[in-house]
Amino acid sequence: MDSQDEIPFHFVTPLKESSALSKKAGTPVLIKLENIQPMGSFKIRGIGHFCQKLARKGCKKFVCSSGGNAGLAAAYACNKLGMPATIVVPEQTSNKVIQKLADLGAEVVVTGKVWDDADANARHLSETPGSVYISPFDHPLLWEGHSSLVLELKAALGTQKPGALVLSVGGGGFLAGIVEGIAKVGWSDVPIIAMETLGAHCLNASLAAGKSVTLPDITSIAKCLGAKTVCDRALECAKKYKVISVTVDDREAVQALEMFLEDELMLVEAACGAALAAVYSGHIQRLQQEGKLEQLKGPLIMIVCGGSGISLSELQNYKSQFGLL
Ligand code: PLV
């Protein structure tokens with residue numbers, strides 16, 4: 001970020017040792033707590049940066065499509081900037097998230113079954129003069145904003161390099177930003193475990209096909225990972241860097257978020273459960289046994305991306321849906 005930037009809207013988040021996760025992984029695990037960011041996810045890093053930059057250039061209004069969290073970040077940033085925001089979300093978005101958006105002063109438009117439908121409408125609504133469209137994941141300013149997370153890791157770890165990073169992938173903006181960050185700090189050889197749920201696995205499907213693939217539908221409960229097509233930049237990053245793509249099913253994601261609640265007393269949404277399942281479902285050890293992941297030379301960094309699309313009653317519903325009661 002350049003020196004003219006105002007104070008960013010995101011916080012420097014804690015990097016905390018988790019004894020419970022370390023025990024389960026059989027290796028030291030540090031959790032990067034993005035769930036405590038304003039509006040509960042890492043999204044404010046990229047979206048906040050995008051909105052601040054464009055506001056300075058004279059932009060008067062933002063229109064953002066979202067599965068929930070990017071919209072909350074955009075509404076929060078616009079609220080801070082005193083600018084109007086229209087957030088377009090799909091029908092499955094919870095009333096709690098819609099209410100939070102409205103409380104931030106955003107105009108909320110509900111369109112279509114999944115994020116791709118909402119996105120088509122957001123692009124259409126942003127055609128009015130003065131409006132600027134915000135993608136939740138596909139813009140260089142978002143990636144630049146997300147890359148701040150790696151600079152914080154570098155500041156916290158000093159000369160120690162992470163053994164590997166674990167994150168969730170939706171449309172791939174977070175992955176693109178983290179890759180930008182590791183390139184900036186000289187950690188390009190650090191493996192990134194890119195977690196998706198089946199039914200929202202656009203990166204995994206594209207890597208398997210060797211080209212960009214559009215999923216026919218989003219069938220996972222992790223709606224915030226629910227982009228049918230991964231952005232080109234994320235696919236490029238996955239091919240160029242040490243990105244290991246892993247899928248889990250919804251049941252594993254729900255189990256992981258419940259165990260995380262037990263262990264760390266923090267409730268995160270299913271999109272984040274996908275990343276946590278890398279340890280809770282034993283995927284890290286499996287990858288090592290299969291020779292797909294090297295012996296870790298530093299701590300495993302789990303990025304707790306967060307998410308507001310969850311409540312205790314929704315967790316109960318998921319548990320009954322997947323026979324976990
Ligand atoms: N969520 C986007 C895209 O949804 C949104 O509109 O909020 N973890 C959480 C908690 C998220 O909310 C998201 C993205 C991701 C991970 C994945 O980030 P991405 O899309 O940059 O890969 C459809």
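Order of listing sets the numbers, starting from 1, for every ligand and every atom in it.
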Any N or O of N69 that comes nearer than 3.5 Å to an N or O of ligand 1?
yes
Polar contact flag for L175 and ligand 1 (N/O pairs, less than 3.5 Å)
no
As an exercise, identify every atom of ligand 1 less than 4.0 angstrom from a heavy atom of P136.
6 (O)
Looking only at distances, please establish whether an N/O atom of ligand 1 is found under 3.5 Å from an N/O atom of G172.
yes
Out of curiosity, is C272 lining ligand 1, as in a heavy atom under 4.0 Å away?
no
For ligand 1, which is the ligand I care about here, please tell me if S66 has any N or O atom under 3.5 Å from one of the ligand's N or O atoms.
yes
Considering residues at least two apart in sequence or located in another chain, which fulfil the ring pair (Phe, Tyr, Trp, His ring centres under 6.0 Å) criterion with Y280?
none
Note the single closest protein heavy atom to atom 20 (O) of ligand 1, along with its residue, its atom name and the distance in Å.
G171 N, 2.8 Å
For R286, is there an ion pair with E290 - N to carboxylate O distance below 4.0 angstrom?
yes
Tell me whether the count of non-hydrogen atoms from other residues, nucleotides or ligands lying under 6.0 Å of CD in Q160 goes above 12.
yes
I need the nearest protein heavy-atom contact for atom 7 (O) of ligand 1: residue, atom name and distance, please.
A70 N, 2.7 Å
Compute whether any side-chain donor of one residue and acceptor of the other, for K96 and S308, lie under 3.5 angstrom apart.
no
Are M39 and F50 connected in a single hydrophobic cluster, I mean Ile/Leu/Val/Met/Phe/Trp/Tyr linked by side-chain heavy atoms less than 4.5 Å apart?
yes
Under 4.0 Å from one or more heavy atoms of G68, ligand 1 contributes atoms 6 (O), 7 (O)
Are D103 and Q99 close enough that a side-chain donor and a side-chain acceptor fall under 3.5 Å?
yes
Could you pull out all residues at least two apart from E264 that satisfy side chain to side chain contact (heavy atoms under 4.5 Å, CB included)?
K16, S18, I31, F260, M266
Min over W143, F137, F42, W115 of heavy-atom distance to atom 16 (C) of ligand 1 lands on F42
Polar proximity ligand 1 side, G173 side, N/O cut 3.5 Å exclusive:
yes
Under 3.5 Å, N or O to N or O, is G306 touching ligand 1 that way?
no
Give yes if a backbone or side-chain nitrogen or oxygen of L225 is under 3.5 Å from a nitrogen or oxygen of ligand 1, and no if not.
no
Would T214 and T229 count as having a side-chain donor-acceptor pair, cut-off 3.5 Å?
yes
Nearest neighbour of atom 3 (C) of ligand 1 from the list G170, A118, C224, on a heavy-atom basis
C224
For N121 and T111, test the side chains for any donor-to-acceptor distance below 3.5 angstrom and give the result as yes or no.
yes
Side-chain donor-acceptor pair present, S245, N204, cut-off under 3.5 Å
yes
With a cutoff of 4.0 Å, is V169 in contact with ligand 1, counting heavy atoms of the residue only?
yes
For ligand 1, which atoms, with element, lie under 4.0 Å from some heavy atom of C305?
8 (N), 16 (C)
